[in-house]
Trainee: 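Could you have a look at this structure, given as structure tokens, before my questions?
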Amino acid sequence: MKSLSLKLQGMSCAACASTIEKALNQTPGVIDGQVNFGAEQAQVNYDPDRTSTDAIVHAVEAAGYQAFPATSATGEDELEAAQRQAQQDLTWRVAVGVVASMLLMLGMVPMALPWHLPFLPPWLHHPWTQLILATPVLVWCGQPFFTGAWKALKRGSADMNSLIALGTGAAYIYSLFPTIFPNWFAAQGRPEVYFEVSAMVITLVLLGRLLEHRARRQTSAAIRKLMGLQPQTARVRRGDTLDTLPVEQVQLGDIVLVKPGEQIPLDGEVVRGPSTVDESMVTGESIPVEKSVGDEVIGATLNKTGSLQLRVTRVGQDTTLAQIIRLVQQAQASKAPIQKLADQVTAIFVPVVLLIAAATCVVWLLATGELSLALINTVGVLIIACPCALGLATPTSIMVATGKGADYGVLFKGADSLELAHKIQTVVLDKTGTLTAGQPTVNNFIAVEGTAQGNEQQLLRLAAALEHYSEHPLAEAVVRYARDQGIPQSDINALDVTDFAAVTGRGVTGEIDAHAVRLGTRDWLVDQGLPVEVTTKQGTSLSAYQATWEQAGQTVVWLAVDGNVVALFGIADTLKPSAAEAVDRLKRLGLTVAMLTGDNPQTARAIARQAHITDVKAQVRPDGKADAIQAFQAKSRKVAMVGDGINDAPALAQADVGMAIGTGTDVAMAASDITLMTDDLHGIVTAIRLSRATLGNIRQNLFFAFVYNSLGIPIAAGVLYPIWGLQLSPVLAGAAMALSSVSVVTNALRLRRFQP
Ligand SMILES: Nc1ncnc2c1ncn2[C@@H]1O[C@H](COP(=O)(O)OP(=O)(O)OP(=O)(O)O)[C@@H](O)[C@H]1O
Ligand SMILES: [Cu+]
Ligand SMILES: [Mg+2]
């Protein structure tokens, strides 16, 4: 199965979205297709053996819309061109509409005003002049509405095009009669024509669409910015030659040179450095990062001070930037749960409005006996009823917010996680790698037998040889310590380890030179029946060492050889500089903060104290972390889990919102709902605050849209007429509807001012 994102062009309302959805799902080979009206995107899963991108694009075109593959650069260009063209076309229609409508209005002025205006020729008011002015507006400017309505009718449905076509068409056709048979209508006492109504409504609605179009293009500015970050060329060294190649031709393992001030073309590992790199465009972190040999660098970031050589580790669709773009696009195209309500309302809206319109017509006709009055109110209802603002309310805010998140290095996987994050009450943080830097170092080492006869060296050699096989951060610390104590790496490698076993959350064992070596927690050794009440040659018990070190926030690892405890390691990991401040900020947002760790309670509490956390769950096995999250949820709290992504995966999945912190690796992105691109814990605060701001924004939008429709329809239907004689002219209805969409989009764009 492959998935495909399509950019769509030509949709005018939510009904168009369902038409495209249907067309996609009827295409052979398409497994499922989802269309998001607000984001103007489709997300398609398909079987590459049975269909192709071309065939899918074709299916959308056959349904009467345009589609462009979202990830390809050419697709982006074509989309740009199509959007520009659509906008130009719209501008022309609006221009013609405005001129004609102005003239029509001028013709109406003498009717509305009591005095005589000599500069207005009386023929401007003549029905035939009005007919001649209104016809091009209706036929040409209004053509998109009429074709749209016709398409809907052929499907046996109705959409906002139908409402506008019906409204303006009815006013126009009705007006034809007094124009052609003036005498008969004059005898009835109502010779008025309403050509200006249909022309102005069409012009206003088109104007609204034009403004909305322009505003909506700004909502995808973030994606365009990300795409623009992609460097075009790379300086590649192959053999002795140095070539400047387009990035598409660079292969995995190529050596790339980057001069100071240049953009790093692709993800890679530094093979010659050092330098500092500005990663703010990807991580949102503005302080440049030191990079030396062995460090990973991200494509599209900026090399600052030194010359770098790197070995390319990811190309094409696998690069961090490509993944970010894909993630943001998918998030923008996904539907937020809150949108379902709006969708449901929109779905039943048009039929309901048609019924209300019919009722309005009948009631007015019966009550007043005047066809023209009944007609004008009905037209008003049809025009004001358009639910287009409702359809835009949620997706535009989501678009802007996900883009904004990417700006600050916070990647939301979907609109649902963006929505959920505002409900979070408890934030659970993993210790190692999340609160701490994840680079533990051995601060203390004590051997029971002391340093006699190189005993210490021998023990370190055994410990390092065993830990060499473990990928645990503590293991790396032990190996590094042994090397720092003068044990060459070759010595460590030379030792043969058999029967190696790593027990998660406890430690490691193995056979070295016929010695059974074991490294891990005290409890584990106790469980294995090893005596742990051991005293050093100086006469201090190991337990005393353990207690002191743990008080200082160190993790104590016990070393046993052939069933005897022989040494202790005290391993410290430093708290991230941002930890305590970020925790304080979370608390100020009204959240409770807890820590979850596999480490022992004393060490955990010492670290937690530094980070201003009081709620600590320690000695939790990796498989128990998900249960711990469930325990929080059982207290009916919405829980966010923040972890470094790989061993915390079950807990991240169990939490209502899982946040992976640190790098943008595939695994981390897959397991979490939100990926924080920096190590910095402030990203958690940004994510939650952005979610709250977005939800607030969506609620405002929905309120605008609902209020506008639910107040507008009864007023247009004339319920206020018997009371205050108040009536909503269809022209005002058209203006109001244009304004409502524009105000919703403008309000959504306010989110661009969000600051973390
Ligand atoms: N390879 C190892 N070498 C030595 N000790 C180990 C090893 N693996 C696990 N341990 C012991 O088991 C304990 C729990 O390990 P675990 O990986 O579950 O949590 P952690 O990394 O300490 O903390 P966190 O849960 O915050 O990431 C460690 O604190 C350590 O004492
Ligand atoms: Cu509308
Ligand atoms: Mg861990």
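Values below: every heavy atom of this structure, side chains too, minus hydrogens, waters and symmetry copies. Each ligand, and each atom within it, is numbered from 1 in the order the structure gives.
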Trainee: Less than 4.5 Å apart, side chain to side chain, heavy atoms only: is that true for Arg326 and Gln317?
Mentor: yes
Trainee: Can a donor-acceptor pair be found, under 3.5 Å and without considering hydrogens, that links the side chain of Lys576 to the backbone of Thr434?
Mentor: yes
Trainee: Pairs of nitrogen or oxygen atoms closer than 3.5 Å, one from Thr521 and one from ligand 1: do any exist?
Mentor: no
Trainee: Please check if any side-chain donor atom of Asp267 sits under 3.5 Å from a side-chain acceptor atom of Thr313, or the reverse.
Mentor: no
Trainee: Starting at NZ of Lys291, measure out to NZ of Lys304 and round the result to the nearest 0.5 Å.
Mentor: 14.0 Å
Trainee: Sort out for me which residue in Leu327, Leu690, Val328 forms a side chain to side chain contact (heavy atoms under 4.5 Å, CB included) with Phe412.
Mentor: Leu690
Trainee: List ligand 1 atoms under 4.0 Å from Thr555, heavy atoms only on the residue side.
Mentor: 29 (O), 31 (O)
Trainee: Between ligand 1 and Gly507, can you find any atom pair, the residue atom being a heavy atom, that is separated by under 4.0 Å?
Mentor: yes
Trainee: Should Lys225 and Asp407 count as an ion pair when the cut-off is N to O under 4.0 Å?
Mentor: yes
Trainee: In ligand 1, which numbered atoms sit nearer than 4.0 Å to a non-hydrogen atom of Ser470?
Mentor: 1 (N)
Trainee: Give the single entry among Arg522, His472, Arg518, Glu476 that approaches atom 8 (N) of ligand 1 most closely by any heavy atom.
Mentor: His472
Trainee: With side-chain contact (heavy atoms from CB on, under 4.5 Å) as the test, would you mind laying out the steps for Asp656 and Gln633 before giving the verdict?
Mentor: CA-CA 9 Å; Asp656 298 288; Gln633 288 169 326; 3.2 Å; yes
Trainee: Could you check Asp599, Thr603, Asn600 and say which one makes a side chain to side chain donor-acceptor pair (under 3.5 Å) with Thr555?
Mentor: Asp599
Trainee: Hey, is ligand 1 close enough to Asn600 that some N/O pair sits below 3.5 Å?
Mentor: no
Trainee: I'd like to check which ligand 1 atoms, numbered from 1 as shown, lie under 4.0 Å from a non-hydrogen atom of Arg506.
Mentor: 6 (C), 9 (C), 10 (N), 11 (C), 12 (O)
Trainee: Is the closest side-chain donor-acceptor distance between Asp673 and Ser417 under 3.5 Å?
Mentor: no
Trainee: Does a donor on one side chain sit under 3.5 Å from an acceptor on the other, for Asp523 and Gln619?
Mentor: yes
Trainee: If you measure from each non-hydrogen atom of Gln619 to ligand 1, which part falls under 4.0 Å: side chain, backbone, both or neither?
Mentor: neither
Trainee: Would you mind running through ligand 1 and noting each atom that sits below 4.0 Å from a heavy atom of Val508?
Mentor: 1 (N)
Trainee: Do any N/O atoms on Gly505 end up under 3.5 angstrom from N/O atoms on ligand 1?
Mentor: yes
Trainee: State the atoms of ligand 1, each with its element, that fall below the 4.0 Å cut-off from a heavy-atom position in Lys625.
Mentor: 24 (P), 25 (O), 27 (O)
Trainee: When you look for heavy atoms under 4.0 Å from ligand 1, do you find them on the side chain of Val557, its backbone, both, or neither?
Mentor: side chain
Trainee: For atom 26 (O) of ligand 1, which candidate among Thr436, Leu519, Thr597 holds the nearest heavy atom?
Mentor: Thr597
Trainee: Answer yes when Arg461 and Asp491 have at least one side-chain N-carboxylate O distance shorter than 4.0 Å, and no when they do not.
Mentor: yes
Trainee: Against heavy atoms of Gly598, which atoms of ligand 1 measure under 4.0 Å?
Mentor: 13 (C), 14 (C), 18 (O), 19 (O), 23 (O), 24 (P), 25 (O)
Trainee: Could you list the atoms of ligand 1 found under 4.0 angstrom from a heavy atom of Leu474?
Mentor: 28 (C), 29 (O), 30 (C)
Trainee: Could you check whether any heavy atom of Arg621 sits closer than 4.0 Å to an atom of ligand 1, since that is the contact criterion I want to use?
Mentor: no
Trainee: Which atoms of ligand 1 are found less than 4.0 Å from any heavy atom of Lys431?
Mentor: 26 (O)
